[in-house]
2 protein chains.
Amino acid sequence: MENPFVRKMERHVRLASEDRAILDGLARQHIRHIAGRQDIEGPHTEPYHTHLILDGWACRYKQFPDGRRAIVALLLPGDLCDPFVFRRARMDHAIGALTPVTVARITPDQIGDAIRGRPAIEEGLWREMLTTTAIHREWIASVGRRSAIERLAHLFCELHLRLTWAGLADGTSLPMPVTQPDLADALGQTSVHINRTLKELRTSGLVALRSRRLTIRDLDGLRERGLFDPAYLLPA
Amino acid sequence: MENPFVRKMERHVRLASEDRAILDGLARQHIRHIAGRQDIEGPHTEPYHTHLILDGWACRYKQFPDGRRAIVALLLPGDLCDPFVFRRARMDHAIGALTPVTVARITPDQIGDAIRGRPAIEEGLWREMLTTTAIHREWIASVGRRSAIERLAHLFCELHLRLTWAGLADGTSLPMPVTQPDLADALGQTSVHINRTLKELRTSGLVALRSRRLTIRDLDGLRERGLFDPAYLLPA
DNA sequence: AACGCGCGCCAACCTGTGTTAGTTTGCCCA
DNA sequence: TGGGCAAACTAACACAGGTTGGCGCGCGTT
């Protein structure tokens, strides 16, 4: 069973088998398990390690003094929490596990070693980073200018592709292990309204969601509903 | 009169005079003028150059098929439109001039040359990029979880610091050459509501805004109103 | 001097989303 | 097998912010 990180990298660049072995090695060292709802990296810390998500979902979030929470990114299996830790000092946000999560802890040196003399890996990490940035832009546009249904439909489309590329979707059916309050914090709404919107997507026959699994019944319809254009996810 | 790009870089790293000369040289070649409301880089293009903003304000934006516009980033004098063009192919968004703008056109090679053997410059560009990313995160949080006044107050605080660091603010007074519809597209609201909110900030004595210039009358008050914490802008 | 026009500004009204306060479902564990 | 609890779900109501439409000012153009 290939690991999701390697699969994703292979979408960006052609990897030699040695490249693949190096990346796979990163994912097999210093494995840690983190309980759901725990922080992987707290706010205001100066982390020395980065983490590669192997299983479960996490998020990058900001917490306001009065308790409001904004989820600014979702981290799925195969995602690197911070590919370039070695440049950064203080965290201006936190990283939290939304479900129980398995991670591999990686040091800056290990990333440096993996890149050295392996241009494919370097290029792959770059593209990964550019894709992440493109997702950020799309989220700003989404929260700023898409309606509730459009936002939710768009997010589902994004997750569908990201999980597919990590080898974790089964055709048009994908894991969706987060709660409605989590979705709400990611989309800038309330859980009540997420629930309403979900119902509307369901009754219009676009998706089905039960027991933590989303099934897209009408992919084209869902994409249209969310004004989804996959171009932003394809840095090639 | 020093250029805003060099000033900003000097906030990130200590530059040798030769570093400074190199960076300054970049800002003096291939100068172009772009009229207000024109695209600097259209959508779907595969740009070969990047642009350094020398004067005027621009934005990174996404346009929806039905005409809605989302501004996902503001580009101020001293900002590089895309510090790492050489990795990216197709634009998933556009870059537009909000006011008349002066830019220096820069090739990937020039950036490569500037970095080679000059670690301070490389480090500075990294920090610049990390700051940009941090701003993206903050915008997502803002549009997702801040109220209208909080958002506007927060944006003003952000711009105050960014312009100060570029050497373009006069104490607590700063240029604000954008229209209310522009602010609306950046904050995910309508221009009518921006107007209402502006009035509220004005009548509560926090800011004054006239003839394209913002004066912050009560900086602490404004920061509090916007839940502004400058930490995210300081990657040190 | 007159015109046009983008922009700031405002009022009245409307609606999408938030708030509050539940009931129901489903799952884990004793 | 049942008790406890978190999450899903719903209804009624409230309100922040959107929509529409209109006025007037400042400024550039002729």
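Chain A is the first sequence line, chain B the second, and so forth, proteins listed ahead of strands; every chain is numbered from 1.
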Using atom CZ of Arg68(A) as one end and atom P of dG18(C) as the other, report the distance to the nearest whole Å. 13 Å
Short side-chain donor-acceptor distance under 3.5 Å, Glu200(B) and Ser204(B): no
Could you check whether Tyr232(A) and His44(B) have their ring centres less than 6.0 Å apart? no
In whole Å, I'd like the distance from the CG atom of Leu209(A) to the C1' atom of dA8(D). 10 Å
Do Tyr61(A) and Asp182(A) pair up side chain to side chain, a donor and an acceptor below 3.5 Å, judged on atom types alone? no
Send over the distance from Glu150(B) CD to dA16(D) P, rounded to a whole Å. 12 Å
Enumerate the protein-to-nucleotides 10-16 of chain C contacts in which both atoms are nitrogen or oxygen and the separation is below 3.5 Å.
from, atom 1, to, atom 2, distance (Å)
dA12(C), N6, Arg196(B), NH1, 3.4

Any side-chain N or O of Arg212(A) less than 4.0 Å from the OP1 or OP2 oxygen of dA6(D)? no
Provide, to the nearest angstrom, the distance between the CZ atom belonging to Arg145(A) and the P atom belonging to dG18(D). 8 Å
Between CZ of Arg210(A) and P of dC9(D) the distance, given in whole Å, is 12 Å
My validator wants the stems of DNA chain C: runs of 3 or more consecutive Watson-Crick or G-U pairs, both distances under 3.5 Å, written as range with range. C:1-30 with D:1-30
Using a strict threshold of under 4.0 Å (side-chain N to carboxylate O), is an ion pair present between Arg145(A) and Glu150(A)? no
Strictly below 4.0 Å, heavy-atom distances to any atom of DNA chain C: list the hits from residues 180-190 of chain A, or just say none. Gly188(A), Gln189(A), Thr190(A)
Glu158(A) with Arg162(A): basic N within carboxylate O range, under 4.0 Å: yes
Indicate whether the side chain of His93(A) and that of Arg60(A) have a donor and an acceptor atom separated by less than 3.5 Å. yes
Charged N-O contact under 4.0 Å between Arg225(B) and Asp220(B): no
Ile53(B) pairs by side-chain contact (heavy atoms from CB on, under 4.5 Å) with which of Leu75(B), Leu80(B), Ile34(B)? Leu75(B)
Check Arg11(A) with Glu128(A), please: is the shortest side-chain N to carboxylate O separation under 4.0 Å? no
Decide, yes or no, whether a salt bridge links Asp229(A) with Lys62(B) under the criterion of side-chain N to carboxylate O below 4.0 Å. no
What integer distance in Å separates Ile194(B):CD1 from dC9(C):C1'? 14 Å
Out of Ile140(B), Ile135(B), Thr132(B), which residue meets the side-chain contact (heavy atoms from CB on, under 4.5 Å) rule with His136(A)? Ile140(B)
